[in-house]
Amino acid sequence: MSFTPQNRLRKKLKKGLKVFLILYVMIGTSLYFLQEKLLFLPTVLEQDYQYQFAYPFEEVFLKPSENVSINAIHFKSENPKGVILYFHGNAGDLSRWGTIAEFFVAKHYDMFIMDYRTYGKSKGKLSEQAFYDDAQYCYDYLLKQYAEAEITLYGRSLGTGIATFLASKNQPKQLVLETPYYSILDVARHRFPIFPVSSLLKYKFLSNEFIGNVKCPITMFHGTSDGVVPYASAEKLNAVAPVSQTTFITIEGGSHNDLVEFDAYRTAIDKVLE
């Protein structure tokens, strides 16, 4: 057999295709089996860790079910305007997120912020349904102390899907979403366009399906330079949200973790929390 240029090219193409297929399968398999490590970046705290914050707080341990323990911080203000149930992003633990939450405590709100299972001191097996179940348990816990009309649901990044689900099942005062997504599935498709992520992904957080059942006012904040959750994903969510009760606020130049530094956010959040 003669090794013509055409034969050599054919052999190189076959070899290249084989390498591509091997890499494709390897990466796809990793996406499926390692998706929790890619999606969730918890840090773990010792059970005797002592929180330190600038405002009075109570540390709470909730038991939604057997083998599950949810650690939470409950900030309490004098004469609060209401309470904010806050669902944080996908990284860190309450030692960090509690400090971030103090921004709202300074506005004379009580704050209740939980760590998800495997985060901080919280324990239990992760699943998408577990996020929703634990969120509802926290909501029911607050209903023993506050009127439902006093509860503001606030979600940030990962937490926006949880907050939207919860708002679709209850009647809170309002829903506030910071850097929201259409769905985690939508974000994954943006990052891994050549993979069948709808089949691979166990965690989909379909905010686009939940938001149509939300009856309370909705406020969304998103920055145009967000490199984690594309601005376009938030625009898609806004497009399917109830028009008469939704306000979408664009933060020009805002990225994923710095919206609080912009006057546009600070002015708008003050109005939302009046």
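Along the sequence shown, the residues carry numbers beginning at 1.
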K.L.:
Could you check whether any side-chain N or O of Ser65 sits under 3.5 Å from a backbone N or O of Val68, counting only pairs where one atom can act as donor and the other as acceptor?
P.N.:
no

K.L.:
So, do Leu85 and Val83 sit near enough that their side-chain heavy atoms are less than 4.5 Å apart?
P.N.:
no

K.L.:
Output yes when a side-chain donor or acceptor of Glu150 lies under 3.5 Å from a complementary backbone atom of Pro80, and no otherwise.
P.N.:
no

K.L.:
Does one hydrophobic cluster hold both Tyr181 and Val240, with members joined at side-chain heavy-atom distances below 4.5 Å?
P.N.:
yes

K.L.:
Are the side chains of Phe248 and Ile218 in touch, meaning some heavy atoms are under 4.5 Å apart?
P.N.:
no

K.L.:
Hey, would you say the Phe165 and Phe87 ring centroids sit under 6.0 Å apart?
P.N.:
no

K.L.:
Indicate yes or no for a side-chain donor-acceptor contact from Arg156 to the backbone of Glu178 under 3.5 Å, with no hydrogens or angles considered.
P.N.:
no

K.L.:
Looking at Lys123, I want to see if its NZ is surrounded by more than 12 non-hydrogen atoms of other residues, nucleotides or ligands under 6.0 Å.
P.N.:
no

K.L.:
List for me each residue that meets side chain to side chain contact (heavy atoms under 4.5 Å, CB included) alongside Lys121, sequence neighbours excluded, and say none if there are none.
P.N.:
Leu45, Gln47, Tyr49, Tyr51, Glu59, Phe61, Asn71

K.L.:
Can you check whether Leu237's main-chain N or O pairs, donor with acceptor, with Asn208's side chain at less than 3.5 Å?
P.N.:
no

K.L.:
Answer whether the closest heavy-atom distance between the side chains of Ile100 and His88 falls below 4.5 Å.
P.N.:
no

K.L.:
What residue pairs, at least two apart or across chains, pass side chain to side chain donor-acceptor pair (under 3.5 Å) with a residue in residues 163-173?
P.N.:
Gln136-Asn170

K.L.:
Quick one: does Thr246's side chain have a donor or acceptor within less than 3.5 Å of a partner on Val243's backbone?
P.N.:
no

K.L.:
Looking at every non-hydrogen atom in both residues, tell me the closest pair between Lys63 and Asn67 and how far apart they are.
P.N.:
NZ-N, 4.2 Å

K.L.:
Between His222 and Val229, is there a side-chain heavy-atom distance shorter than 4.5 Å?
P.N.:
yes

K.L.:
Mind running salt bridge (Lys or Arg N to Asp or Glu O under 4.0 Å) on Glu128 and Lys204 for me, showing each step along the way?
P.N.:
CA-CA 8 Å; Glu128 183 170 347; Lys204 299 183 179 180; over 6 Å; no

K.L.:
Indicate yes or no for a side-chain donor-acceptor contact from Asn90 to the backbone of Leu158 under 3.5 Å, with no hydrogens or angles considered.
P.N.:
no

K.L.:
Has Gln50 got more than 12 heavy atoms of other residues, nucleotides or ligands less than 6.0 Å from its CD?
P.N.:
no

K.L.:
Does the side chain of His74 reach to within under 4.5 Å of the side chain of Leu142, using non-hydrogen atoms?
P.N.:
yes

K.L.:
Can you check whether Ser122 reaches Tyr116 side chain to side chain, under 4.5 Å on heavy atoms?
P.N.:
no

K.L.:
Is there a donor-acceptor contact under 3.5 Å from the side chain of Thr224 to the main chain of Glu252?
P.N.:
no

K.L.:
Minimum heavy-atom separation for Ala167 and Leu153, please, with both atom names.
P.N.:
N-CD1, 3.5 Å

K.L.:
Just to verify, which of Phe112, Tyr109, Phe104, Tyr55 counts as forming a side-chain contact (heavy atoms from CB on, under 4.5 Å) with Phe75?
P.N.:
Tyr55

K.L.:
If you count heavy atoms of other groups shown closer than 6.0 angstrom to CG of Asp263, is the number above 12?
P.N.:
no

K.L.:
Decide if atom CD of Glu46 counts as having more than 12 heavy atoms of other residues, nucleotides or ligands within a radius under 6.0 Å.
P.N.:
no

K.L.:
Between the side chain of Ser233 and the main-chain N/O of Tyr182, is any donor-acceptor distance below 3.5 Å?
P.N.:
yes

K.L.:
Determine yes or no for a side-chain-to-main-chain donor-acceptor pair under 3.5 angstrom, with Arg266 supplying the side chain and Val260 the backbone.
P.N.:
yes

K.L.:
Would you call Pro172 and Tyr139 a side-chain contact if the rule is heavy atoms closer than 4.5 Å?
P.N.:
yes

K.L.:
Determine whether Ile269 and Lys107 satisfy the following criterion, side-chain contact (heavy atoms from CB on, under 4.5 Å), listing intermediate values before the conclusion.
P.N.:
CA-CA 10 Å; Ile269 201 65; Lys107 297 182 182 299; 4.2 Å; yes

K.L.:
Where does the angle between the aromatic ring planes of Tyr203 and Phe205 fall among parallel (under 30°), tilted (30 to 60°) and perpendicular (over 60°)?
P.N.:
parallel

K.L.:
Roughly how far apart are Asp115 CG and Ser69 OG, rounded to 0.5 Å?
P.N.:
10.5 Å

K.L.:
Are Asp186 and Ser183 close enough, and set up right, to give a side-chain hydrogen bond (donor to acceptor under 3.5 Å, both in side chains), and what steps lead you there?
P.N.:
CA-CA 5 Å; Asp186 182 63; Ser183 66; 5.4 Å; no

K.L.:
Less than 4.5 Å apart, side chain to side chain, heavy atoms only: is that true for Ile73 and Met111?
P.N.:
no

K.L.:
Can Lys144 be said to sit on top of Tyr141's aromatic six-ring, NZ or CZ under 6.0 Å from centre and within 45° of the ring axis?
P.N.:
no

K.L.:
If only atom types and distance count, is the side chain of Asp226 paired as donor or acceptor with the main-chain N or O of Tyr231 below 3.5 Å?
P.N.:
no

